[in-house]
Amino acid sequence: MTSDQLAFGNKNKKGANIPSGQGVPPQKLDILEGILENFVFSNDDNGWSVVRLNVKGNREPVTAVGSLIGVQPGESVRLEGYWVSDRKYGDQFKAQSFTTIKPATLVGIEKYLGSGMIKGIGPVMASRMVNCFGVETLDIIETSPARLLEVEGIGKVRIEGICQAWQEQKDIKEVMIFLQSHGVTTTYAIKIYKEYGNKAIDIVSENPYRLAVDIFGIGFRTADKIASNIGIAANSPQRAEAGILHVLGSFSEDGHVCCPRALLVEKAAEMLEIDDTIVEHAVDSLSVQGLVVIESVAECTVAEGSDVAEETGDELIYLRSLYASEVGAARLMRQVLESDLVRLNIDIDKAIGGFEKEFSIELAWQQRDAIKRAIKSKMMVVTGGPGTGKTTLINGVIQILKGKERRVLLAAPTGRAAKRLSEATGMEAKTIHRLLEFSPRAMSFERGPDNPLEVDILILDEVSMVDIVLFYNVLKALPMTSQIVLVGDVDQLPSVGPGGVLKDVIASGCVEVVCLTEVFRQARESMVVMNAHAINSGKMPYVKGEGHRRDFFVIEKDEPEEVLETIKTLITQRIPAHFGFSPTDDIQVLTPMHKGLLGTSNLNKELQELLNPEQESISRGSRTFRVADKVMQIRNNYDLDVFNGDIGKIASIDRVERVVRVNFEGKMVLYEQSDLDELMLAYACSVHKAQGSEYPVVVLPLHTQHYMMLQRNLLYTAVTRGKKLVVVVGSKKALAIAVKNNKIQDRFTRLAERLNG
C-alpha cells in the first residue's frame with residue numbers, strides 16, 4: 001500500500017473515498033439523496049441505524065448507516081458522508097449528518113403516513129388519503145383537516161385524533177431537532193415530550209440533568225453531554241451536584257443504602273474528571289439543600305500488634321429518602337418489639353396437635369417450636385431452604401390464629417410470589433403494593449400511620465427480595481398492637497433495591513429467628529431440592545442418585561455456540577417430547593448476564609425466532625415484539641398497575657392506533673408505542689428478575705463468559721426457581737467456579753447497627 005492510499009483511502013466503483021481499515025476519513029463529504037424505504041436496524045442507546053434508501057437512478061435500494069434520529073419511512077433525506085466498503089455487507093454510505101424533506105411523491109407520502117408515526121393512520125388509511133388528495137395530502141392535514149371527511153372511513157372523531165397526533169408529531173420533531181446534536185435518541189424524544197410538553201426545550205436548556213431523574217432510560221451521561229453542548233462548565237457546581245446524585249443513585253442500584261464520603265468523592269471526581277475539592281463543596285451544598293444526609297459514624301479498630309483500640313470515624317452520605325427509610329424502619333421495629341403482646345388464651349400444644357390431625361401431617365420439632373415462638377413473638381424471622389417446611393409452618397400459624405379469630409394478612413413482594421403463597425395456604429395473599437393500597441395518582445401508599453392495616457398478624461413472604469424503602473412502608477402501616485412474621489431464604493440473592501433487610505434483621509440479634517434445616521422426606525426425593533442444598537453447602541451437584549426423581553440434569557458443553565444450540569434443541573424438542581412441557585408456558589431460561597451470546601438479549605432473539613417467528617409485529621428501536629410473544633415488565637409502572645418482573649403475553653397489536661395489549665395472567669394492559677421500552681422479551685431473563693418466581697422448568701446456561709456473575713447465591717437462586725425440572729447447560733469449570741465462589745459483596749447499610757441502638 002502506498003502512502004497516498006494509507007492517508008486518503010481507496011476509491012470505490014462510485015469514485016468516492018473509502019477509508020482503509022482505520023484510516024483517515026476523506027476530506028470532502030459526498031451528498032446522497034433518496035427516500036427512506038425501511039429500517040434494517042436501529043440501536044436504542046445511540047440512535048445508530050442501518051436503512052435502505054430509494055435513490056433516483058439506482059435499481060436497487062442503497063444501504064446507509066449512521067445516527068438518523070427522528071427520520072420516518074417515506075421521508076426524503078439528504079445525507080452528507082462518504083462511501084465505505086464493508087467486507088460482509090458490501091458498499092454502504094456512512095452518514096455524518098442529514099436533513100429531512102417532506103415527501104413529495106405519492107409513494108413517499110403514502111409510506112410516510114402509513115409508517116405509524118401518526119396515530120389513527122395505518123397503511124390502508126394512508127392509501128385512501130393519497131388516492132383522494134394526491135400530492136396535496138400533507139397540506140390538507142396541515143391547513144384543511146375538515147376535508148379529511150371526504151376519505152372513506154374517516155369521521156369527525158378520527159379527524160380530531162389525527163390533528164392532535166399531527167401537531168404532537170410536529171412538536172416532537174422540534175424537540176428532536178433540538179436534541180439531535182446532543183445525543184438523545186428518537187426512542188426517548190416522545191417520552192421527553194410527554195413529560196414536559198411544549199416546555200421541553202426550555203426545561204432541558206435550563207437544567208438538562210433533570211432528564212436523568214425524570215425520564216426512564218435517559219442516564220446521567222446523556223444529560224451531561226447535553227449540558228456540555230449548551231454551555232454548562234465541566235467544573236460547575238450544578239454539574240458536580242448532579243454527578244454526586246448520579247453516583248449515589250448508582251450505589252443504590254447496586255444495593256447500597258449509603259456510601260462513605262471518601263469513596264463517594266473519589267468515584268464522583270473520577271467520573272466527572274474534576275478536582276476533589278469541587279466535589280467536597282458540592283456534597284456539603286446538597287446537604288444544605290436537604291437532598292442528601294451526612295451522618296458521622298465512629299468505629300473502634302485495633303491496629304495489628306496492639307491491644308489498644310483506636311476510634312476512627314467516617315461520614316456516610318445518604319440520599320434523603322433512603323436515610324428516612326432506614327432510620328424510620330429501625331425506629332418502628334423497636335416500637336413494635338417494645339409494645340405489649342396481646343396474650344391469647346390458648347393451649348398451643350393442643351392447637352398444634354389439632355392442626356396436625358386436621359391436615360394429616362406430622363410436624364418436625366423445629367416446626368412445632370417455630371409455631372409456638374411465632375404465636376408468642378411480636379416479630380419473628382423464619383428462614384430456610386427449599387423442602388424445609390416453611391409453607392407448612394405458615395399454614396400452622398394461620399390455622400391456629402384464625403381459630404382464635406385473629407385477623408391474618410399475607411403478602412409478598414411480587415405478583416407471582418403472592419400467587420404461590422395463596423395457592424400454598426388457600427388464603428388470599430396480596431402483593432405488598434396492593435396490601436398497602438398504592439395510589440398512582442398520589443404516587444404514595446394509602447395505608448400508613450393515619451390509615452393502618454386492619455391486622456393482628458402479618459405474614460410477609462420472600463423477604464429476601466424486600467428493600468429498605470418497601471420495608472419501611474410496611475412498618476408504617478402496621479399497628480403497634482400487631483405481630484409480624486418475616487419469611488424468606490437468607491441464602492438467596494438479596495433484594496434488587498437498596499438494603500439487605502432480611503440479612504440485617506437477622507444480624508441485629510433483636511428478633512426471634514428460626515432457621516429450618518431439616519429437609520423432609522418427600523422433598524428429599526427431588527434432586528432439584530437436594531442439589532440446591534448441596535450447592536448452598538459448597539458442594540458440586542450430583543446427577544445420579546437412587547430413590548430420586550430424575551428432575552435435575554447437567555449437560556456439559558464447553559463452547560458458547562454449543563451451549564446455545566443445545567438450549568434451543570432442549571426447548572423446542574427434547575424437553576417437550578420427553579416431559580410434555582410447553583416451550584413457552586412452562587420452560588424458563590435463566591441466565592446470569594444480559595450481554596454476550598448467552599445473555600438475555602441474544603437468547604431472547606434466538607428463541608423468539610424459534611418459538612414465535614411469523615406473527616404480526618411492531619418494532620421499538622432494535623426490538624421487535626410479536627403477537628403471542630412472552631414479555632416481561634422491567635420497571636414498576638403504577639399508572640398501568642404492572643410491576644417489575646411481571647410476565648405476560650402479547651394479545652394484540654394495533655398498528656394504526658400504535659398500541660399493544662398484553663395479557664398479564666388475565667389482566668389486559670394497554671401500552672402506547674412509546675411505553676414499549678418498559679417491556680422485554682421473556683423467553684430468557686436474568687436470575688435477578690426471577691426472584692420470587694417459580695417455573696415448572698428452568699434451563700440455565702453457565703459458561704466462563706459469565707465469570708463476573710458466577711456466584712454461589714446466584715446459582716442457588718436459579719436452581720430453586722425450578723419446580724419440576726432443572727437443566728444446567730455449560731462447562732463444568734463454570735459450574736465449579738459458581739459453587740466455590742461464596743464471596744458476597746457487602747452492602748453499605750446500617751439497619752442492624754440502628755436496631756442494636
Within-4.5 Å side-chain heavy-atom neighbours: Ile162 and Arg158 = yes
side-chain contact (heavy atoms from CB on, under 4.5 Å) between Met271 and Arg221: does it pass, once the steps are laid out?
-> CA-CA 10 Å; Met271 181 192 74; Arg221 295 191 185 283; 3.9 Å; yes
With no hydrogens and no angle check, is any side-chain donor or acceptor of Asp214 less than 3.5 Å from a backbone partner on Glu195?
-> no
Smallest separation among heavy atoms of Ser127 and Glu110, with atom names = CB-OE2, 3.5 Å
Scanning both residues in full, the closest heavy-atom pair of Ala628 with Gln615 reads CB-NE2, 4.4 Å
Take atom CD of Glu136 as the centre, draw a 6.0 Å sphere, and report whether it contains more than 12 heavy atoms from other residues, nucleotides or ligands.
-> no
Scanning both residues in full, the closest heavy-atom pair of Asn602 with Gly596 reads CB-O, 3.6 Å
Is a side-chain donor or acceptor of Thr569 paired with a backbone partner of Glu565 at a separation under 3.5 angstrom?
-> yes
Could you tell me whether Lys667 atom NZ has more than 12 heavy atoms of other residues or ligands within 6.0 Å of it?
-> yes
At what distance, to the nearest 0.5 angstrom, does CD1 of Ile232 lie from CD of Gln238?
-> 4.0 Å
Electrostatic pair Arg239-Asp224, nearest N-O below 4.0 angstrom = yes
Glu150 to Phe133 - nearest heavy-atom pair and separation | OE1-CE2, 3.6 Å
Please check if the side chain of Thr591 supplies one atom and the backbone of Leu598 the other of a donor-acceptor pair under 3.5 Å.
-> yes
Any chance you could measure Ile653, atom CD1, to Phe625, atom CZ, to the nearest 0.5 Å?
-> 9.0 Å
Give a yes or no on this: more than 12 heavy atoms of other residues, nucleotides or ligands lie within 6.0 Å of atom CD of Glu614.
-> no
May I ask you to test the Glu33-Val77 pair for a side-chain heavy-atom distance under 4.5 Å?
-> no
Could you check Glu206 against Asp202 for side-chain contact (heavy atoms from CB on, under 4.5 Å), going step by step and ending with a plain yes or no?
-> CA-CA 6 Å; Glu206 181 182 346; Asp202 292 338; over 6 Å; no
Using salt bridge (Lys or Arg N to Asp or Glu O under 4.0 Å) as the criterion, list what pairs up with Arg626, not counting sequence neighbours.
-> Glu609
Option passing side-chain contact (heavy atoms from CB on, under 4.5 Å) with Asp629 (candidates Val660, Leu681, Thr624) = Leu681
Any side-chain heavy atom of Met129 sitting closer than 4.5 Å to one from Ile141?
-> yes
Note, Met680 side chain near Val631 side chain (heavy atom, < 4.5 Å) | no
With under 30° as parallel and over 60° as perpendicular, where do the rings of Phe220 and His246 fit, or are they tilted in between?
-> parallel
Taking Asn604 for its side chain and Tyr683 for its backbone only, find out whether a donor-acceptor pair lies under 3.5 Å.
-> yes
Give a yes or no answer on whether the side chain of Thr143 reaches the backbone of Ile140 with a donor-acceptor pair at less than 3.5 Å.
-> no
Salt bridge or not for Asp585 and Lys630, using N-O below 4.0 Å?
-> no
When rounded to the nearest 0.5 angstrom, what distance separates OG1 in Thr584 from CD in Gln588?
-> 10.5 Å
Considering only heavy atoms from C-beta outward, does the side chain of Pro560 approach that of Leu564 to under 4.5 Å?
-> no
Let me see the working for Leu248 and Ser252 under side-chain contact (heavy atoms from CB on, under 4.5 Å), right down to the final yes or no.
-> CA-CA 6 Å; Leu248 282 174; Ser252 72; over 6 Å; no
With Asp254 via side-chain contact (heavy atoms from CB on, under 4.5 Å) - residues at least two apart | His256
Contact check, side chains of Asn38 and Val51, non-hydrogen atoms, under 4.5 Å = no
How about Leu211 and Tyr196: do any of their side-chain heavy atoms sit closer than 4.5 Å?
-> yes
Take His594 and Thr600 through the side chain to side chain donor-acceptor pair (under 3.5 Å) test and state the conclusion after the steps.
-> CA-CA 5 Å; His594 295 289; Thr600 54; 3.0 Å; yes
Would you give the length of the straight line joining atom CZ of Arg635 to atom CG of Leu640, rounded to the nearest 0.5 angstrom?
-> 9.5 Å
For Gly666, does its backbone N or O pair with a side-chain atom of Asn663 as donor and acceptor, under 3.5 Å?
-> yes
For Lys689, does the NZ atom have more than 12 heavy-atom neighbours from other residues, nucleotides or ligands under 6.0 Å away?
-> yes
Checking side-chain contact (heavy atoms from CB on, under 4.5 Å) against Leu679, which of Val669, Val662, Val642 comes through?
-> Val662
Full working for side-chain contact (heavy atoms from CB on, under 4.5 Å) between Ile203 and Arg210 = CA-CA 8 Å; Ile203 289 173; Arg210 279 187 59 177; 3.8 Å; yes
What distance do Ile226 atom CD1 and Ile218 atom CD1 have between them, rounded to the nearest 0.5 Å?
-> 6.5 Å
Ala223 and Pro208 have their tightest heavy-atom pair at CB-O, 3.4 Å
Decide if atom NZ of Lys94 counts as having more than 12 heavy atoms of other residues, nucleotides or ligands within a radius under 6.0 Å.
-> no
If you round to the nearest 0.5 Å, how far is CD1 of Ile650 from CG of Leu676?
-> 7.5 Å
Do we see a donor-acceptor contact under 3.5 Å between the side chains of Asn644 and Gln633?
-> no
Verify, without hydrogens or angle tests, whether Arg661 (side chain) and Ser652 (backbone) share a donor-acceptor contact under 3.5 angstrom.
-> no
Search all heavy atoms of Leu272 against all heavy atoms of Ala240 and return the closest pair with its distance.
-> CD1-CA, 3.9 Å
For Glu142 and Trp166, what are the C-alpha separation, side-chain angles and deciding distance, and is it a side chain to side chain donor-acceptor pair (under 3.5 Å)?
-> CA-CA 8 Å; Glu142 176 79 30; Trp166 180 262; 2.7 Å; yes
Report yes if some heavy atom in the side chain of Val40 is under 4.5 Å from a heavy atom in the side chain of Arg52; otherwise report no.
-> yes
